[in-house]
Amino acid sequence: MGLLFIRVKRSPFLGGLLAPSEPSRSDGFCGRILRAQTQGTRRDGYHEFRLRVEGDPESYQPGSSYRVVLLASSPAYFRGFTLIALKEGREGTAAGHYAGQFQIIEEEDTQFMTNCPPAVTETTPRRRTRIQVLWTAPPAGSGCVILKASIVQKRVIYFQDEGSLTVQLCEKGDALSIDSQNEAPLLCCCACGTAKYRLTFFGNWSEKIHPKDFPRRANHWSALIGASHTAGYTPWEYGGYASEGVRQVAELGSPIKMEEEIRQKADEVLTVIKTKAQWPAWQPLNLRAPPSAEFSVDRVRHLMSFLTMLGPSPDWNVGLTKEDLCTPECGWVQRMEAELLPWDAGTDSGVTYESPNKPTVPQDRIRPLSRLDHPQSPFYDPLGGAMPSLARVVVERIARKGEQCNTVPDLVDDIVADIGQQEQEKEDDAPETCIYSAWSPWSACSSATCDKGRRMRQRMLKAQLDPTVACPRTQDFQPCMAPGCSLEEPSACMMSEWIGWSACSASCGMGMRSRERYVQQYPEDGALCQLHTEETEKCQVNAECSPSSCIVTEWGEWDPCSATCGLGMRRRERMVKMPPLDGSMCKAEVLEVDKCMMPDCGAAPCMLSPWSDWGGCSVSCGVGMRTRQRMLKSGPASCSEELEQSDKCMLPECPVDCMVSEWSEWSECNKSCGKGHTLRSRMVKLEPGPGGSACPETVQRKKCKVRKCRAKTKEERGGGGGGGGGKRRRRGKQGRDAAVEEQPGCRMQPWTGWTGCTKSCGGGIQERFMLVKKKAKVASCKDRKEIRGCNVEPC
């Protein structure tokens with residue numbers, strides 16, 4: 001293969017992708033790109049530039065997505081590039097010649113080429129060593145595909161017909177897909193009834209499988225959060241932007257905000273899916289059961305999505321998005337398993353598990369993590385290859401409700417008549433052998449200020465029919481704040497400085513550009529910031545769009561100053577993306593020179609030592625802070641660099657002991673005479689956390705005796721002087737009542753109902769009476785009264 005070489009004297013033309021040098025039949029910009037490639041420098045075999053598809057597959061699966069990476073080996077770099085995918089043997093001069101579709105991952109580095117939408121090019125010319133895009137393979141029957149790249153290094157254009165800047169992939173049914181989870185779900189589900197599933201999460205992120213920089217001390221999975229939902233709502237998806245709730249899960253492991261976001265979409269969500277966090281991230285199954293959750297789907301809300309953070313990490317997660325549980329045969333999936341690979345939420349730019357917080361501004365799109373992301377990444381592999389799985393999820397159908405209409409009958413499990421009734425019965429998970437009183441009213445909030453507090457209600461255990469079965473949940477809690485807190489003015493929020501303007505939206509004529517800033521600190525009361533985070537304005541890069549004008553890129557970054565001290569010069573360049581249509585020379589300036597001032601030549605340079613290792617966490621459990629330092633080796637007047645950095649650190653949750661209130665006063669005795677009992681109680685103010693001490697008893701009972709009961713007469717004892725022939729009366733209330741009834745001439749009315757409690761809380765009494773129907777000569781025939789305790793819970 002011959003070597004072609006050209007130097008562009010005035011304005012470098014960013015050559016497009018490669019094609020044979022025969023004259024093109026197209027007058028469009030794509031055709032002109034392809035014709036211009038004969039002016040480039042053809043490079044043979046392997047060299048410092050390489051185009052590769054992650055995993056290095058030999059074939060593609062129709063419709064699947066693949067990450068395509070263009071690399072420059074150190075110390076090489078490139079300033080511009082063009083990337084295109086063609087059907088084998090086609091020249092790219094017609095729309096039908098292009099294969100598949102590219103998707104932009106990094107908007108600051110890549111964009112679709114003006115007037116040639118199938119091609120991807122740079123946004124601004126500057127030094128680069130790597131760019132990446134996603135490529136979705138064409139439909140079945142498209143045959144082999146050629147991915148080609150050309151790159152610009154200074155003013156030389158390189159390209160290849162074969163070798164490291166060209167990749168050939170042919171269609172095959174079982175080709176490797178790096179994003180098979182993003183397959184489009186069924187837009188319309190035809191299944192009938194509902195189905196209930198159990199999701200089980202098996203984490204295998206461990207030091208054995210991922211040994212590089214594995215965080216031994218604080219590794220964990222956050223609480224898993226997700227939902228079953230409609231096709232019109234997705235909690236997260238590849239290529240989208242993370243919501244605030246997703247960001248908090250990804251960076252902090254907190255599912256609270258995301259659950260709030262999901263519940264705000266109540267019309268589009270059937271079930272919220274939640275499991276507890278796992279500390280540490282991996283343990284044998286014989287020591288800890290994997291977390292699981294149950295959820296339901298119907299023909300409208302038949303998709304399932306979830307995520308969980310691997311911690312510590314910058315913003316890395318695993319999960320599924322838009323997993324369709326409805327089958328094309330109008331049935332419900334019986335079982336599915338998926339290996340979970342890590343993905344980046346696009347909100348933090350850290351590259352290691354314990355990188356300092358570094359917000360990504362502006363926010364990036366959600367993307368899968370790559371083996372080639374960064375040399376310091378724990379997943380980095382210079383040879384690429386497949387990413388090892390971090391977790392596995394199993395979703396199993398456990399029940400169905402209602403008449404099913406799938407055209408292919410199931411071979412496993414029967415239809416359950418009514419899931420809804422079962423779920424209704426599970427709302428109170430107390431065993432049937434536990435008999436409770438009704439819930440008491442909610443207590444006052446524990447916080448008298450606008451800080452978050454809790455309020456409580458409780459119920460009494462009336463009977464435990466089976467002593468071997470525990471009776472849980474006699475108390476219930478809700479978050480609360482003092483009255484009027486929500487009416488106060490929200491506190492101020494702090495904003496960052498504005499970030500630089502984006503590239504102009506138009507390559508010639510009038511366009512628009514934008515800049516952004518982000519919230520550095522939210523109001524203490526949790527309110528949203530009302531300040532704008534984005535600004536737009538008009539811009540103009542090329543004033544004219546006439547045939548005699550050329551299209552140039554925006555100016556690149558300034559080169560370093562030519563002097564290390566004192567006065568020097570600096571320069572910047574831009575490139576011609578499209579020469580004049582009439583064949584004339586481009587008159588636009590492509591080089592700009594400016595003066596630059598460096599520190600005085602007499603000043604000592606700023607010299608710093610390397611950063612020290614991170615210090616220990618400031619706490620022994622929970623969330624704390626850690627610091628690291630570096631030393632100043634030169635004079636303090638010459639340096640403005642920071643000498644200390646702080647970062648959050650997270651250790652296993654602190655053990656929380658149970659906290660109870662003081663005992664209430666003893667209630668009144670439940671008997672008016674003889675032996676009875678009295679009660680007192682106390683309230684659980686704080687439930688115990690992991691590793692904390694259990695709660696002590698909350699109810700105590702002791703005997704009481706008000707006075708001796710009056711001795712019974714012979715008539716009351718049933719003797720009447722009749723010796724021992726009379727029947728012996730059974731002791732107790734029923735026996736005494738019967739004895740009174742059986743006395744000659746003494747007729748008693750039935751017991752009345754219990755009176756109201758004398759106290760609403762703190763222990764009171766209730767009474768009931770048995771009255772004499774008809775007076776008799778028997779002196780002992782009198783009205784009777786009984787007393788019992790009530791409302792023993794503390795006020």
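Just so it is clear, the structure is predicted and the values come from calculations on it, not from any experiment.
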query = Are Gln645 and Glu642 close enough, and set up right, to give a side chain to side chain donor-acceptor pair (under 3.5 Å), and what steps lead you there?
reply = CA-CA 7 Å; Gln645 285 184 342; Glu642 61 179 350; 3.0 Å; yes

Do the charged groups of [X] and [Y] touch, with an N to O distance under 4.0 Å?
| X | Y | result |
| --- | --- | --- |
| Arg570 | Asp594 | yes |
| Glu259 | Lys274 | yes |
| Glu354 | Arg626 | yes |
| Arg513 | Glu537 | yes |
| Asp109 | Arg126 | yes |

[X], [atom1]: over 12 other non-hydrogen atoms inside 6.0 angstrom:
| X | atom1 | result |
| --- | --- | --- |
| Ile256 | CD1 | no |
| Met512 | CE | yes |
| Gln629 | CD | yes |
| Met569 | CE | yes |

Parallel, tilted or perpendicular: rings of [Y] and [X] (30°, 60°):
| X | Y | answer |
| --- | --- | --- |
| Phe201 | Phe306 | perpendicular |
| Trp316 | Phe379 | tilted |
| Tyr66 | Trp135 | tilted |

Can a donor-acceptor pair be found, under 3.5 Å and without considering hydrogens, that links the side chain of [X] to the backbone of [Y]?
| X | Y | result |
| --- | --- | --- |
| Asp315 | Asp348 | yes |
| Arg572 | Trp555 | no |
| Thr129 | Tyr77 | no |
| Lys212 | Glu207 | no |

message = When you compare the side chains of Ser514 and Glu535, does any donor N or O come within less than 3.5 Å of an acceptor on the partner?
response = no

inquiry  = Please tell me whether Glu644 and Thr627 have a donor and an acceptor in their side chains that are separated by less than 3.5 angstrom.
reply    = no

Is the closest side-chain heavy-atom distance between [X] and [Y] below 4.5 Å?
| X | Y | result |
| --- | --- | --- |
| Tyr380 | His374 | no |
| Leu83 | Val68 | yes |
| Asn317 | Trp236 | no |

ask   = Taking atom NZ of Lys265 and atom OG1 of Thr234, what is their separation to the nearest 0.5 Å?
value = 10.5 Å

Inter-residue atom distance Ser389.OG - Asn204.CG, 0.5 Å rounding = 4.5 Å

key: Residue of the set Asp344, Thr360, Asn357 for which side chain to side chain donor-acceptor pair (under 3.5 Å) holds with Ser349   = Thr360

task = Step by step, work out the side chain to side chain donor-acceptor pair (under 3.5 Å) result for Thr123 and Gln111.
result = CA-CA 6 Å; Thr123 52; Gln111 66 177 357; over 6 Å; no

task = Dump the intermediate steps for salt bridge (charged side-chain N to carboxylate O under 4.0 Å, His left out) on Glu244 and Lys257, then the final yes or no.
result = CA-CA 7 Å; Glu244 176 60 20; Lys257 180 64 177 178; over 6 Å; no

query = Should the pair Arg392 and Phe202 be classed as cation-pi, given the thresholds of under 6.0 Å to the six-membered ring centre and 45° from the axis?
reply = yes

